[in-house]
Structure formats: structure tokens, C-alpha cells
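Below is one structure, written out as C-alpha cells; the observations come after it.
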Amino acid sequence: MLFVVIAASCSEKEETEDHNTVSIEDPDEKQAIIEKAQAAEKEIQSMWTITNLHQHYTGDSINQEITMQIHNKLMLDPLSSSTHSSMPALDYEFAMYSNEDATYFTENPNTENEDWQKLPNADHKEIIADYKNTSFINYPVLLEHIDELIVNDIEDEINDKPYYELILKGDADTIYHKLLPQNDMGGLAQTDMDDDPGETSVDEFSLSVKLEKDTGHLIEFETKMNGTAIFEGEDISISEDMTFYVEGINIYEGEDDYYLVPSELQRYMDGKD
């Protein structure tokens, strides 16, 4: 596992107008920061994340805004996860729990109509495979575009931790669609549409990633995108803003009996079977 110590004395840096921000220009130093973040991903055993997604679709026959929030708690060994999502504009929410054996899902959590179901095994296997991939940023893509990548050393602190900020902007579909290995939130957000839009043609995008300086762990990232797609034969415009927050890493550790799938739910589902 590669850990790289970044020495300020060996870097070409330029002060920005903000005295708390130092721009890192040296490609080797940029690469070292990214490699440290890649190594840090392998240390993750558990995490709690919050995703906020806003999408706006406009065209001759559509003008729809969708806001979605997803809370996810995950422990990898033994595998256990809890996901709760809400979409207020559509009056829709769901909850999902997974372990190695099964995934349980309901569209009516905490209501009288709560009806849990066990997902088919193929869906379950796909879900837990995604959980086991703790890479949320496609860092190799950033390495491929190291010259365009803006990297700032920020003296201000987030949660008492100094951080690096990585910024990439562009207009290429081939870059944007590869940036987030687990970018499936859009498919979830389109559940109220009769027909899902095809893959978006990107006009412009931006990515901002914040990493802890000491550990390389992800603090948060934000993507913004404007583009077009075909929806029911019509060209429509799409704008999307997604923010992903890491609330905690390795906070559920060891054999503390912190299992994220409620035991009463498992007993209930066993009874249904």
C-alpha cells in the first residue's frame, strides 16, 4: 500500500488570492495525492454517507425537477448495510437492507402500508458487489487528465481536518460518464417517468473532490453537469447537481454486534418465506 508524504519544499506552488489556498502545479505532486487517495480506499471497512441529487429536465413536453437524498450505512465484514432514500417532490421514499444472504426492500418505510420484500438473488448479488467496491471516484481518469486537473492545498479545515481540493472541468461525454464508478443515482431518480432518457450528451461538467491531507480519505465530492438527452423522441435539456458527503469512515468496526440489518426484519422475512 502506497503512502506518499507531500513535502511543501519540493513543490512548485502558487499563492491564490485566498491566502488559505495554495495551488499545486507539479504533476508529480498531483499524482502522489491521487495515489494516496487510491490507497486510502483500500483501508475502508465501514462508512456512513449521504448523497444529495438534484436533476432538472426541460423540453417542449416536460419540465420536471427531482430532488433525492440517500443515507447509506455500510459495514464490509461481515457485510451489512442500511439505505434510506427520499424524493419529496414525488412523495416517494424507500428503505433497503442488505447482508451477504439477502437484500430486503420496501417503498413504504415507517407506514401502516410497509410491505417488505426480498429482492431476487441476481439483484441482490449486483447490489452487494457495488457495496464491496468502495471506490466512489474514478481516480485513473483524473490521472489521465492530470494537466487539466486543478489541485489546491486548503489551510481551512473541514471537521477539524485540513484538506486538498481537486477540480476538473470539461465538456467531454467520455470523461464525465467515467468519473463516478457507482453513478446509478440517476436511474433511481427517474422512477416516476414513463420512459427513461437515454445517455446524456454532456455540454459541460465540473467535479470537485475534497480529500483529507493526512489520510487521503474522501471527505466529499460534488458534480455539476448540463447536457441533452432524448426522451420519448424529444430532445430535452438536463441539469444535474450531486453532492456526496462522507459522514464517517471505519466507525463500525470489529465484532461490536453492530449489524445494520434489524434482526426483527430478518425474523419477519423468514416467517413470510
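The analysis underlying the following values was restricted to heavy atoms, covering all of them including side chains, and did not include hydrogens, waters or symmetry mates.
- Looking at Glu100 and Lys132, a side-chain N of the basic residue comes within less than 4.0 Å of a carboxylate O on the acidic one, giving a salt bridge.
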Take Phe136 and Asn138 through the test side chain to side chain contact (heavy atoms under 4.5 Å, CB included) and record every step on the way to the result. CA-CA 7 Å; Phe136 296 96; Asn138 194 338; over 6 Å; no
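- Taking Asn121 as the reference, His124, Lys125 meet the side chain to side chain contact (heavy atoms under 4.5 Å, CB included) condition, with sequence neighbours excluded.
- Qualifying side chain to side chain contact (heavy atoms under 4.5 Å, CB included) partners for His84, counting only residues two or more places apart in sequence or in other chains: Ser82, Ala95, Tyr97.
- Within the structure, ring-ring contact (aromatic ring centres under 6.0 Å, His included) contacts touching residues 58-77 (residues at least two apart or in different chains) do not occur.
- Residues Ile137 and Val209 have side chains in contact (heavy-atom distance under 4.5 Å, counting atoms from C-beta outward).
- The two atoms that bring Lys30 and Ile146 nearest to each other are NZ-O, 3.2 Å, heavy atoms only.
- Annotation: cation-pi geometry not satisfied between Lys118 and Tyr104 (NZ/CZ under 6.0 angstrom from ring centroid, within 45° of ring axis).
- Residues Ser135 and Glu41 have side chains that bring a donor and an acceptor to within less than 3.5 angstrom of each other.
- For the ring pair (Phe, Tyr, Trp, His ring centres under 6.0 Å) test, residues two or more places apart in sequence or in another chain that qualify with Phe205 are Tyr176.
- Contacts of Asp101 classified as side chain to side chain contact (heavy atoms under 4.5 Å, CB included), with partners at least two apart in sequence or in another chain: Asn99.
- Scanning for side chain to side chain contact (heavy atoms under 4.5 Å, CB included) contacts around Glu93 gives Ser86, Pro109, with sequence neighbours left out.
- Under the 4.5 Å side-chain heavy-atom criterion for ILVMFWY residues, no single connected hydrophobic cluster contains both Ile150 and Tyr139.
- Phe105 and Phe94 have their aromatic ring centers within a separation under 6.0 angstrom.
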